[in-house]
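What follows is a set of notes on a single structure, which appears directly below.
Both backbone and side-chain heavy atoms feed into the values below; hydrogens, waters and symmetry mates do not. Note that the structure is a prediction, hence the values are computed from the model and not measured. All chains are named by letter (A, B, ...) in the order of the sequence lines, taking the proteins before the strands, and each is independently numbered beginning at 1.
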Amino acid sequence: MRFSKFYCPTLKEDPAEAEVISHKLLIRAGLIRKLSSGIYSFLPLGFKCLSKVIKIVREEMDRAGALEVMLPVVQPAELWQESGRWDFYGKELLRFKDRNNRDFCIGPTHEEVITDLIRHEVKSYKQLPLNLYQIHTKFRDEMRPRFGLMRCREFIMKDAYSFDRDNEGAEKSYMQMYDVYHRIFKRIGLKYRAVEADTGQIGGSFSHEFMVLADTGEDTIVVCESCEYASNLEKAEVVSSYKLDTTQSEKCANLQEVYTPQKHTVAEVSEFLGVDKTKIVKTLLYVADGKYVAFVIPGDRDLNEAKARSSLKINDLRMANFEEVKEITGCDVGYAGPVSLNVDAIYVDKLLLGKKDLICGANKTDYHFRHLDIERDVSVTDYIDLVNVLEQDPCPRCGARLKFLKGIEVGHVFKLGEKYSRAMNAKFIDSDGKEKYFVMGCYGIGVTRIISAAIEQNYDENGIIFPPSIAPFEVAILSLDIKNQEVMKLSEDFYNYLTDKGIDVLWDDRDERPGFKFKDIDLMGIPIQVVIGKKGLDEGIVEFKNRKTKEVVKIPISEFEEKILEFRENVWKEWGLF
RNA sequence: CGGGAAGUGGCGCAGUCUGGUAGCGCACCUGCCUUGGGAGCAGGGGGUCGCAGGUUCAAAUCCUGUCUUCCCGACCA
């Protein structure tokens, strides 16, 4: 592509609306433009990059034997009512009516549609296993779209759905996709981790997320310093043998009221009474599917609502408001405690199992209790894992220390089991002649989000540094003196040579000053720059520059053809690509 | 949905407090000049200041309402 014929509006200044680096650079380098909150147009450069990502994803999915399909964006409400998600999915599901007043939605995901398709088409175990995928537009009406392509409302997703005759087959399909995802993210050149994850709204029995490591990531991931354990914070198990720093006495003294005026928070009580936060218990009051419940957790920990939701099978969970807290405790907010509490259930974190001599709210304004013995004083409904792990906690696998990293979720694999096939009555005839439900899995990749994530991980003060595998152009030829015929002739020869090799080249043949061209090409993140100028020609050389390492080599013109391929190979190797 | 900020040529901003009919930089067009890290000079085009209503002789500026965007939180494959 000749730059003089290309359309790529670059900006010198950061757009006011962008906060994170990838968002700024995507706009500045001319890849995307915003149409509305969370809705973006892809300009030619952005579309080229997107196409490269899609190509890799498609090649790897095809290699694994998955079959590409294309499912409708507009979906009838009936399917969603059948699966139960029409009411459950919430406002993220964009709904509308057609001219006949029928309810529809724009697909945020396609489990319903694919299950409906398969239940009508696949009748025999002989047709299984089957894995169908598509790469196209999803719409989720996010409460708060943000960070450019990171959290859009409209975005491109690769979603795949596997159908197996039994659990064993389903796990095989799952592991196959797990392996495919590793291949995909390696080929793209991302630094990432696969972590154990919560299943959320999609549901199902277990899942892994693929997280690109970046400080701006929205998710916290927990990794072990010693073994391979890695998990989303939402899912990470707290080892229940973890010892609270509590002095355990054989006998615990009786509960004793203590005056704690105006001390509502754990920090305040801890300071006022001069005791460690770990000796204080927090009692958090929630409304879970219409019932009052209390969660009792160590004072130094945070409640993990995802864990509470999934282990108690709660659909709707929210904190009790001030009025409700007063109704439950009979006192002001800040003095709730688990003793004689007027709730439907009291769930105590496993870490508190058997703990004595703790401090808790007394359900009386300005008072706390000393000498709380959980077993003696609390009517515990159940002990469950309710809190987030902390850094330095022991690894649930090997006991070594855990540490936190920030990650951007770019892929997610779920083992769904029979969740959707049962809900939608999708069955086949197995070899024993009996009807059975399909055992399903689903597998998503945020294709557009990958572009953001790649930039968050690879940039410098001059702009984007694209991995060569997804760079919109792999090589840029910068002709510095376009009025010099020798420069232009050589540039054209190089351009034709590289293009004939199937390499995507941007030839900057614009009538601009050299500095202007350098700035543009750097900003756009093109991995290899070939600089051809009068100055170099006088010495009989051209220059190759590696965008990532800034390394520049001078190559005699006669050796260009062999050297460029060698240089290119080295660039790919540096990225760990092949 | 709660809290905060902001809407002025394509982009980035000033002007608003203290009303008097819109300005700067970049970009764009023309010409000259320049050419190894976003050059310079000269000339030029483009906006009735998010929208609606109100106050006033007069509103970008004051008042009311509304829409949009961004940030924090809640939420979230």
What's the closest nucleotide to the [X] side chain, out of [options]?
X       : options                   : value
K519(A) : rC70(B), rG38(B), rC76(B) : rG38(B)
F518(A) : rC13(B), rG37(B), rC76(B) : rG37(B)
R513(A) : rG38(B), rA74(B), rA39(B) : rA39(B)
F147(A) : rG12(B), rC71(B), rC75(B) : rC71(B)
M143(A) : rC76(B), rG36(B), rC75(B) : rC75(B)
E305(A) : rG37(B), rC75(B), rU69(B) : rC75(B)
K34(A)  : rU69(B), rG38(B), rC75(B) : rU69(B)
V531(A) : rG36(B), rC75(B), rC70(B) : rG36(B)

Rounded to the nearest 0.5 angstrom, the CZ-NE2 distance for F147(A) and H23(A) is 10.0 Å

Please classify the nucleic acid contact of [X] as base, sugar-phosphate, or nothing, using heavy-atom distances under 4.0 Å.
X       : result
D522(A) : base
E409(A) : sugar-phosphate
K158(A) : nothing
R28(A)  : base
L523(A) : base
R151(A) : base
M157(A) : base

Under 3.5 Å between N/O atoms: give me all the protein pairs with nucleotides 24-28 of chain B, atom names plus distance.
residue	atom	partner	partner atom	Å
rG25(B)	N2	E13(A)	OE1	3.2
rC26(B)	O3'	K12(A)	NZ	3.4
rA27(B)	OP1	K12(A)	NZ	3.4

Checking base pairs now: Watson-Crick or wobble, both atom distances under 3.5 Å. What partners [N]?
N       : answer
rA74(B) : none
rG7(B)  : rC67(B)
rU30(B) : rA42(B)

Please state the P separation for the pair rC49(B) and rG20(B) - nearest whole angstrom. 15 Å

With a 3.5 Å cut-off and heavy atoms only, can you find an N or O donor on one side and an acceptor on the other between the side chain of [X] and the base of [N]?
X       : N       : value
N462(A) : rG37(B) : no
K550(A) : rG37(B) : no
K534(A) : rU35(B) : no

Cationic N near anionic O, under 4.0 Å, K419(A) to E111(A): no

K483(A) bridged to D511(A) by N-O distance under 4.0 Å: yes

So does E234(A) get a backbone contact from the side chain of N304(A), meaning a donor-acceptor N/O pair under 3.5 Å? yes

Please tabulate, one pair per line, each protein N/O and nucleotide N/O from nucleotides 14-16 of chain B that are separated by under 3.5 Å, including the distance.
none

Partners meeting side chain to side chain contact (heavy atoms under 4.5 Å, CB included) with E324(A) (sequence neighbours left out): V287(A), Y292(A), R318(A), A320(A), N321(A)

For this output row, return yes or no: ring centroids of F210(A) and H182(A) closer than 6.0 angstrom. yes

With ring centroids as reference points, do H412(A) and F414(A) lie under 6.0 angstrom apart? yes

Does S36(A) have a side-chain nitrogen or oxygen under 4.0 Å from the phosphate oxygens OP1 or OP2 of rU68(B)? no

May I ask you to evaluate whether S37(A) reaches the phosphate of rC70(B), defined as a side-chain N or O under 4.0 Å from OP1 or OP2? yes

Does NZ or CZ of R95(A) fall inside the cone over W86(A)'s six-membered ring, less than 6.0 Å from its centre and within 45° of the axis? yes

